[in-house]
There are 2 protein chains.
Amino acid sequence: MNLLVTLNANYLLPLKVMLKSLFLNNENQHFTVYLMHSELTDAQLADLDRYVSAHGHQLAVVDIPGDYFRDAPILMHYTKEMYYRLLAFRFLPEDLERILYLDPDTLVINPISELYHLDLDGYLYAAAYHDLLTVKEINRLRLKPYPIDEYYNSGVLLMNLDLQRKLIDEQAIFEFVEKNRNRLILPDQDILNALYGKRIKTLDEKLYNYDARYYRLYKLLSNGLWDMDYVLRNTVIIHFCGKRKPWKKDYSGKFHSLYKHYERMVN
Amino acid sequence: MNLLVTLNANYLLPLKVMLKSLFLNNENQHFTVYLMHSELTDAQLADLDRYVSAHGHQLAVVDIPGDYFRDAPILMHYTKEMYYRLLAFRFLPEDLERILYLDPDTLVINPISELYHLDLDGYLYAAAYHDLLTVKEINRLRLKPYPIDEYYNSGVLLMNLDLQRKLIDEQAIFEFVEKNRNRLILPDQDILNALYGKRIKTLDEKLYNYDARYYRLYKLLSNGLWDMDYVLRNTVIIHFCGKRKPWKKDYSGKFHSLYKHYERMVN
């Protein structure tokens with residue numbers, strides 16, 4: 001299976017934790033981990049390569065031509081890395097048909113193959129949206145007049161690379177950014193939703209993009225079905241959304257001990 | 001290493017979870033699990049035997065002569081099983097020098113060998129007490145005039161069987177129960193503390209009998225040192241004390257997700 005990650009040095013440890021959870025809970029699978037980055041040192045890359053190899057998998061550093069984003073608009077404190085996820089299809093091997101992008105602030109706690117082999121016919125992506133009315137409404141108003149029915153989260157993104165090569169045009173993306181630069185908050189996620197929202201197949205967030213902050217809400221809204229037992233047995237990907245992260249001091253949350261369990265196995 | 005467990009049918013699943021955590025986090029050790037019980041069926045015993053064997057360890061069912069507790073006083077809703085832990089030395093093989101008793105409502109999340117090989121010279125037991133002023137004071141008053149400096153928790157009990165065979169007298173225990181039958185709340189723990197408290201070596205509760213309810217308190221009292229990271233890396237035994245148990249519906253707590261992680265691996 002092909003996995004895509006994009007990251008900077010601050011996320012090296014979380015990336016290892018995410019990969020550890022993925023490997024442990026998918027023991028009969030082989031993964032090629034494609035890495036897009038712009039600032040990791042050779043030593044960091046070598047360390048990551050050893051780590052992935054030691055688990056029996058393969059790291060592939062994606063080559064991004066230095067001048068590719070020369071004319072791309074950038075926003076405030078964002079770097080050109082904000083385009084990596086959306087334009088990955090340009091830099092990945094041409095024979096790759098699909099790839100699963102995962103944020104490094106996730107844990108994979110169950111087998112991933114059903115997600116990976118999902119039928120994507122006609123869709124550019126599969127993703128989940130977090131079904132909270134306030135979030136949806138705010139983003140719908142913010143990105144008007146772009147047609148936002150749901151505001152998809154781009155932290156777990158199954159990609160149909162074949163179709164992306166046919167339908168996605170980086171110039172349209174750059175123009176969109178230029179035109180809307182004053183109202184983009186999470187640029188890559190905003191672009192994804194505004195330009196490609198209609199071509200995204202919806203995933204069940206509780207299975208594939210479980211927001212770790214909303215345990216009580218998910219449980220309540222499901223009349224108690226999604227209790228801790230059910231989550232551990234059914235959820236595939238837990239996403240530690242938001243500013244507070246479980247590898248930082250003073251984090252607190254329902255999945256804190258589980259996260260630390262995996263983290264402890266890394267170093 | 002020798003492990004002692006005593007249980008009834010309600011605790012079969014938790015026992016398996018505890019053993020799973022013990023085996024996984026002590027991979028280079030071999031365990032003989034001595035079981036004292038009075039009501040498990042042959043099918044349940046066979047199932048438990050298969051489970052322990054499948055992990056490469058050994059189950060040994062302890063034979064307790066049917067009339068041994070004929071004259072022992074019993075209390076309200078307690079059965080004669082309340083004596084099993086205290087008098088285990090009578091029924092275990094005579095060449096066994098030490099054994100570690102563990103409650104089934106525990107998880108073993110780190111290597112146990114340092115605890116197991118602790119110097120017990122002159123001590124009957126090693127145990128931890130939960131250092132909360134209120135608990136200590138209440139029990140000191142309740143068990144007056146018995147000398148209670150600390151009220152030890154009997155859920156994790158390293159036993160010096162050699163010395164127990166020399167110093168512990170079941171008649172003294174039965175007499176104590178007869179005489180104090182109206183004020184014993186947790187009989188075996190009360191007996192342990194009132195009669196043998198001075199012969200117990202104190203264990204660090206945060207390492208060996210970490211009360212899962214007191215995460216915040218432990219962290220606060222240690223000026224933040226015992227955060228989740230530190231617990232996962234250092235605590236050996238987490239004890240799910242109290243009425244609410246993590247395998248029951250509607251449990252909630254800091255180690256809920258970690259418990260469910262181990263539980264999921266059992267069935």
Side-chain angles (χ1 to χ4, degrees), chain A residues 13-14 17 20-21 24-27 106-111 206 210-220 222-240 244-267, chain B residues 13-14 17 20-21 24-27 106-111 206 210-220 222-240 244-267:
Chain A
L13 175 61
V17 177
K20 174 69 81 174
S21 69
L24 280 174
N25 293 305
N26 289 270
E27 285 195 330
T106 56
L107 283 180
V108 180
I109 65 168
N110 271 303
K206 295 195 292 307
Y210 183 105
D211 189 326
R213 295 169 298 181
Y214 299 132
Y215 172 78
R216 281 167 204 276
L217 190 68
Y218 290 140
K219 189 176 166 196
L220 189 73
S222 65
N223 289 317
L225 176 65
W226 282 82
D227 62 6
M228 189 58 80
D229 193 66
Y230 203 84
V231 173
L232 268 281
R233 288 174 198 275
N234 292 280
T235 293
V236 178
I237 302 168
I238 299 179
H239 191 178
F240 293 87
R244 303 189 66 204
K245 299 300 187 191
W247 57 87
K248 296 225 173 124
K249 282 274 173 197
D250 295 324
Y251 177 84
S252 169
K254 285 283 176 187
F255 298 93
H256 194 188
S257 58
L258 184 68
Y259 190 86
K260 287 292 171 184
H261 166 77
Y262 284 105
E263 188 185 296
R264 181 193 59 157
M265 287 190 269
V266 169
N267 55 2
Chain B
L13 174 62
V17 177
K20 174 69 82 173
S21 69
L24 280 173
N25 294 305
N26 290 270
E27 286 195 329
T106 56
L107 283 180
V108 181
I109 65 168
N110 271 303
K206 295 195 292 306
Y210 183 106
D211 189 326
R213 296 171 298 183
Y214 299 131
Y215 172 77
R216 280 168 205 276
L217 190 67
Y218 290 141
K219 189 176 166 198
L220 189 73
S222 66
N223 289 316
L225 176 66
W226 282 82
D227 62 6
M228 190 59 80
D229 192 66
Y230 202 85
V231 173
L232 269 281
R233 288 174 198 273
N234 291 280
T235 292
V236 177
I237 302 168
I238 299 179
H239 191 178
F240 292 87
R244 303 189 67 204
K245 298 299 186 192
W247 56 88
K248 296 227 172 121
K249 281 272 173 200
D250 295 324
Y251 177 83
S252 170
K254 285 282 176 186
F255 299 93
H256 195 189
S257 58
L258 184 67
Y259 190 87
K260 288 293 172 185
H261 166 77
Y262 284 106
E263 188 185 296
R264 180 193 61 157
M265 287 192 267
V266 168
N267 55 1

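Letters A, B, ... are given to chains in the order of the sequence lines, protein chains preceding strands, and every chain is numbered from 1.
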Worksheet entry | Gap separating the CG atom of B:D229 from the NZ atom of A:K248, nearest 0.5 angstrom | 14.5 Å
Worksheet, complete the sentence: Under 4.5 Å to a heavy atom of chain A? For B:Y259 that would be neither
Discussion item. Taking CZ in B:R216 as the centre, count heavy atoms belonging to other residues, nucleotides or ligands within less than 6.0 Å. Is the count above 12?
Written reply: no
Item to complete: Determine, step by step, whether B:K254 and A:S252 satisfy the side-chain contact (heavy atoms from CB on, under 4.5 Å) criterion, reporting the C-alpha distance in whole Å, the side-chain angles of both residues, the deciding distance to 0.1 Å, and the verdict.
Response: CA-CA 9 Å; B:K254 285 282 176 186; A:S252 169; 2.9 Å; yes
Item to complete: Give the minimum heavy-atom separation between B:L232 and A:R264, together with the two atoms involved.
Response: O-CD, 3.1 Å
Practice prompt. With a 4.5 angstrom heavy-atom cut-off, could you sort out which part of B:Y230 is near chain A: side chain, backbone, both or neither?
Written response: neither
Worksheet item: Looking at B:P246, B:G224, B:G253, B:S257, which one has more heavy-atom pairs under 4.5 Å with chain A than the rest?
Response: B:S257
Fill in: Proximal component of B:D227, with respect to chain A [non-hydrogen, under 4.5 Å]
side chain
Worksheet item: Is the number of heavy atoms from other residues, nucleotides or ligands under 6.0 Å of A:R233 CZ greater than 12?
Response: yes
Worksheet item: In Å, rounded to the nearest 0.5 Å, how long is the span from NZ of A:K260 to CE of B:M228?
Response: 9.0 Å
